[in-house]
Structure formats: C-alpha cells, structure tokens
Amino acid sequence: MVLIKISSRVPLPENEESMRIFKSLHASWAHCMKASLCMGTMLASGPLLLCLGTPAMAAGDDAALDALEQQISRIQSEQRALQKALVSVQKQIAAHRTVAHVGSSAAHHGLAAHQVANLDAADHEAGIAVASADRGDEAAAAHRPATSGHLHAIGPDAQPVFSGAEDTPTVESVVGHRAEDVISRLAENGVGPHSRETAGAQAAGALGDHGVFHMGPVTLILGGFIDASAVESNRHTASGTFNFWQATPFKNEPRYHTDNFEGSARYSRLSLMARGNIDHYSTISGVFEMDFGAGAGTTDAYESNSYAFRLRQAYLAYDNSKENFHFLAGQAWSMLTPGRVGIIPRQESLPETIESSMLAGQTWARQLQFRFVKDFLNHRLWTGLSIENSATLYSTNGFSAGSSDGQVIMPGGQTVTVGSDGTGLTNNALFPNEIAPDVIGKIAWDPHWGHYEVEGILHFPHDRVSTLGAGKNHTAVGGGGGGSMILPVIPHKVEVRLAGLAGYGIGRYGSVMLPDATLKSNGAPSPLFSVQGTAGIIAHPNPLIDVYGYFGYQQAGRSYFSEGGNAYGYGNPAYNNAGCYTELSSNCAAGSNIHSVMEATVGAWYRFLKGRYGTVEAGVQLAYSRIHAWDGNGGAPDTSLSELFMDFRYLPFQ
C-alpha cells in the first residue's frame, strides 16, 4: 500500500501535464473510496491522508474533477470543525491538570525559583486559565508554550479561554479571590495563602477545587463540608462547641458542678462563588456562605435538632489589576480580622480550632461593609479603608429597666434609650442606636519573610436621654488600634502568629464579646477600655497533618458611679460577690462584671482520606479557660472551663 499526503493548502495544478496526472490520481482516489479501503483525517497536524491501493490509472473528465474539488472542500471544512472540537476538548482536559507551564509566567513577573516551587507545592488544586490564542488559530494556541505572562488552562479553577489576543486576560487580572490567588502568590512572603484543606482556611471560607463548573463566561465554584463535632466539658454551659465565656457558671450555680457532653452537625457549611472576567484586567465575583448554626424557635435537643439555615458571608468583589484596585461590598469578615497575605477575602488568619467561637481574644466580626483596597510595589504593600456596620454592645448593670426593651431608668428618673428590639422581618433582639458606621483602616506589608499589619478603628456609641416633654442625644467617640504578624519560622511548615487590638468601645470585636460601653451618671455612653490578643504556633509536618497551640486573652475596663447608696455601671467595686462560692446563693454579680478571660489550647487535624472524592479529616482539641471577675464586696471570684473537642469533617470539594 502506498500513502500519498496531499496538503489542503497546495493549489490545483495549472499546466496540462500536471492536470493529467492529477486527474489520474482523482480516478485512483475514487476507486479507493468505492472499494472502501481507507481514508482518515489527521486532526493534530491538519493534512488530509488518502490511502491508495494498486490503482487502475484512468482519465477523468472535468465534471469529475469539479466534484472532487467540492468533496475536498467539504472534507476540509469538516476537518476544521473537528480541529476546533479537539482543541476545546484539549483545553477542558488541561483545565484539570496541575500547574505545568508556570515557570515562564513566573519569570515574567520576577518570581524566584523557590517562589515558583511554592506556587502549588502544598495544594495541587491551584490553576489559572488564561488565553494565549491568536484569533483564527486556536489549534496552534493549544500547543503554544506560556509566554509574555500568560498561562494555559492548567487548573480546576480555569477561566474561560478567549479566542483573540485582544480579549486575553493577563495573569494579574485573574485575582479570583481563591486560596491560590495569583496576586497572593506573586506577593510570596514565606507564609503563603491558606492550604484549603486546613481548618483555618475552612473557617475563612475556602472554596473547592472539585466542584468547578463553567456556564459560558461565568465560573461557579462550590465549597463547604459536612461537620460532625462534639464537646465534653467539666461545666454545663448549654452552648455546644460555641464558647460563650460570659455564661460560664461560678461556684454558686449547680451547673458549675456537672459535666456535659453535647454534639451536633449544625456547623456543616455550604458555599458558592460565581466569577467572571470583565476585560483584560478586571474580575467580578460574588460569594455566598451559609451554615445551620442558628437556633430556630422549633429547635429542640431531644428529637429533631432542627437548627436554622443562616447567613455567614454574602458579598461581591471587584478587582482591577491594571490599577491594582479592589472593592468589596456585602457581609464578610471585618477588615479588622488578621490576614495571611495582602488584604484579600478568604485569606483571614483564623485559628484551626474546632470550637466555633475560635479562641478567646481573637479579633473578628462578620458584618456588612464597603471596602476599598489599593496595593503597591508588586502586590507587597496594601492599604485599605472599610466602612462597616456598627453595633454597640452595652452593659446596663444596676439600672432599672424602662417601659420597653432598650430603655433604662437613671437614678434621677431620666429614661435612656440605647436601642430597641427588632420588628418586622428582623429578629426580636436588641438593636442599638447607631449614628454612624465604624470606620476601619489597615496597612499590610508582605516582604519576602512574613506578613505584617497595622490597623485602626473609629466607633461612635450613641443614645438619647429623655424626660417628659424633652430629651437630648449623646454621642461618644471610641476606637483604637492594633496589628498582627505571621512569622514563617520554617516557610510553609511552621509559623508563629501574633495579633492584638486595644482601645475604647471595641470589645465586641473579640470572641469573648465583652461590652463596648456602659452609661455615665448623665446617661451618656461611656466607652469601656478593652485589650485583646492571641499568640499561636502552627505546624504542618506533612500535607496530611496540622498541629497547633494557641493562647488568647481579652479583658474589659471598668466605668461606674454610685448614687443614693446604689452601684451603677460596669466593674463597680460595690457590687456584691459574697455568695459566688456558695451553691444556690444569689449574691454573686461576678457573671455580669467579667474582668478578663484567658484560654490555652492545643489540637491537631489528620486528613486520613484524600483523593478525587474529596477529603475526610478528623480533629481533636484540648482547651482550658479561666474567667476572672472584677473585685467587689466579697472579693474577685474566678471560674474555669476545661473542654475536649472532637470533630469529623468531609470536604467533597477539596
């Protein structure tokens, strides 16, 4: 058998002798087709292969030649369509491979060799899809190496591949807000973005790499896990794996003397992100994150355990890599929350603990915000301004209740309104008066070793003091500052985390939820001084194990006055603590006048199953808390809480 390759781009012969030979070949080709010998289309290189047997050379007429030309044209058209289909399949396959061609792009952006190695050494799921195709030559683009800052579709988080260079997003444009963000990796600091399997990343809202779907130009990414957690404690607090330290019983309460076991799946979580490229440089994304942590009116611990679906995060983010500008609007982790790299959503530095309250002294909130961020120096210096929802947490110890919730009666008879209960579609709980949002500023720095932040906040407690027929508004100014750092002692293996915040009227930003303010003698808000801080060491000895140890501390100041023989305010030394050590005694004001809370904890996670089906991990944590009250009549009592946490978690999208 003889193989003759005829290029589809060779023109038809023009002289008489060549035309005679061509017609003979045509007759032979027709004979081969009638004999059903073979004909193939080689898609990878594009040429047409004609398989010829031992032909009988025969002359053809012009009509037959015209028919041949039409048939060749049709086959060429079908061939081009099949080529495009193959290119599409190749791109989809490439979208599920790990980073293979990142070197040239990293070199384009000035990444050192060790930074390239860190791009995805810990998590195989990283990947960015951008185009390097020229319009009308998609097949060639599929085989073209990544150059000029472009990457092929090389990860499960692949962006749609565009047909024209003028539509091609650059590496910088694919911010995407995922754990493997290109911006984060370009600002390699030895700390690196979260590995999404870690509990700290899960707490921050890590998304999946298996549940990725493309709907036209929009990519949908799933995240979340099934969680089965339990706690055994030496006090009965009835809060499950959530520590509400202010409700820890003192010795006067019977539940101080009873152990407690409680387990639940209520902190199982679902998340979804939709993302798309607007142009070469800008990306828009929207994120939902929900769990079942809320207690509904029908929730019971005896039969149904029907916890309510609740909102954790819901926000949109816009990122522009040309201007290095980032905007976020919606409910997300407060910008006060310590981060790991830059000022980027889902890169918050949160403890790996099982307890859903995380850690005493941890700075955080999830609330509505409008965040504006700008980065400089190749994504190493970040500045941010965030306008966030305010909610003053008052302590009204000693005051008599007014005619409605959110009102207290002063010693002189005035009524002070600090808020009111929610109505309509809002839950029936106290919502404080607020005259302005909280204003938060942050600067983050990512040198080649470590991550460092400084931050500040302004807060404005507000109330109204009324008498019959008249009234006066009062506004106080609170706020403070702090910072955090992550020191990569052994990069990507062992890190030390330090964070702290201090100021007036900002107690609610700590996990212990100590009060922000109390009232002065004239009814005006009196912001309380507060301090909170955490220190931890976290180790990743191998990709399957995380080990951690933390210490956290939070304290509240005092503001009080006495009038008519009665004590008012927070931390008043005239409060009666004499019965805090006697079971069933009611003479114990310690629980509502907490001075400080300390927690020390150690724990570990083991990912014993990991593959295409997802990740299954188990965790265990030991925690000890000590709670001190302000001194009063009878001294300054304290109490403690010892806990053993256990958790099994299935992450189908990790």
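Heavy-atom basis, side chains included; hydrogens, waters and symmetry copies ignored.
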Is there a salt bridge (charged side-chain N to carboxylate O under 4.0 Å, His left out) between E253 and K251 once you walk through the steps? CA-CA 5 Å; E253 297 187 58; K251 289 183 178 180; over 6 Å; no

Within 45° of the six-membered ring axis of F225 and under 6.0 Å from that ring's centre, is NZ or CZ of R269 located there? no

Looking at Y256, I'd like to know if the NZ or CZ of R235 sits under 6.0 Å from its six-membered ring centre while staying within 45 degrees of the ring's axis. yes

Kindly determine whether W245 and S625 satisfy side chain to side chain donor-acceptor pair (under 3.5 Å), including the steps that lead there. CA-CA 8 Å; W245 287 274; S625 300; 3.0 Å; yes

Could you tell me which residues satisfy side-chain hydrogen bond (donor to acceptor under 3.5 Å, both in side chains) with T417, sequence neighbours excluded, listed by chain and number? Q407

For F645, the option from L622, I354, V620, T601 that meets side-chain contact (heavy atoms from CB on, under 4.5 Å): I354

Member of Q554, R508, H595 meeting the side-chain contact (heavy atoms from CB on, under 4.5 Å) criterion with L514: Q554

A side-chain contact here means heavy atoms from C-beta on lying under 4.5 Å apart; do [X] and [Y] qualify?
{"X": "F399", "Y": "L519", "value": "yes"}
{"X": "E232", "Y": "N260", "value": "no"}
{"X": "I545", "Y": "H540", "value": "no"}
{"X": "C588", "Y": "N252", "value": "yes"}
{"X": "L458", "Y": "D438", "value": "no"}
{"X": "S640", "Y": "I627", "value": "no"}
{"X": "E583", "Y": "H257", "value": "yes"}
{"X": "Y560", "Y": "Y575", "value": "no"}

Considering non-hydrogen atoms only, spot the tightest contact between A391 and D516 and give its length. O-OD2, 3.6 Å

For E197 and R649, what are the C-alpha separation, side-chain angles and deciding distance, and is it a salt bridge (charged side-chain N to carboxylate O under 4.0 Å, His left out)? CA-CA 11 Å; E197 293 88 348; R649 212 171 262 184; over 6 Å; no

May I ask you to decide if [Y]'s main-chain N or O and [X]'s side chain share a donor-acceptor pair within less than 3.5 Å?
{"X": "N572", "Y": "N593", "value": "no"}
{"X": "R255", "Y": "H236", "value": "yes"}
{"X": "R196", "Y": "Q202", "value": "no"}
{"X": "T518", "Y": "S395", "value": "yes"}
{"X": "S390", "Y": "A436", "value": "yes"}

Take atom [atom1] of [X] as the centre, draw a 6.0 Å sphere, and report whether it contains more than 12 heavy atoms from other residues, nucleotides or ligands.
{"X": "F561", "atom1": "CZ", "value": "yes"}
{"X": "I443", "atom1": "CD1", "value": "no"}
{"X": "K472", "atom1": "NZ", "value": "no"}
{"X": "Y581", "atom1": "OH", "value": "yes"}

Please list, chain by chain and in numerical order, all residues satisfying side chain to side chain contact (heavy atoms under 4.5 Å, CB included) with N566, sequence neighbours excluded. Y568

With H628, which residues qualify under side chain to side chain contact (heavy atoms under 4.5 Å, CB included), at least two apart? S596, R626, D638

Candidate pair Q414 and T467, rule side chain to side chain donor-acceptor pair (under 3.5 Å), full reasoning: CA-CA 5 Å; Q414 307 99 318; T467 57; over 6 Å; no

Roughly how far, to the nearest 0.5 Å, is [atom2] of [Y] from [atom1] of [X]?
{"X": "S349", "Y": "M485", "atom1": "OG", "atom2": "CE", "answer": "12.0 Å"}
{"X": "L528", "Y": "I506", "atom1": "CG", "atom2": "CD1", "answer": "11.5 Å"}
{"X": "F250", "Y": "T639", "atom1": "CZ", "atom2": "OG1", "answer": "5.5 Å"}
{"X": "S264", "Y": "D227", "atom1": "OG", "atom2": "CG", "answer": "8.5 Å"}
{"X": "F653", "Y": "L272", "atom1": "CZ", "atom2": "CG", "answer": "9.5 Å"}
{"X": "N389", "Y": "I387", "atom1": "CG", "atom2": "CD1", "answer": "12.0 Å"}

Test item: side-chain donor near acceptor, Q532 and T363, under 3.5 Å: yes

Could you go step by step and tell me if E388 and S386 meet the side chain to side chain donor-acceptor pair (under 3.5 Å) rule? CA-CA 6 Å; E388 304 194 6; S386 188; 2.8 Å; yes

Aromatic ring pairing Y550/Y548, orientation class (parallel under 30°, perpendicular over 60°, tilted between): tilted

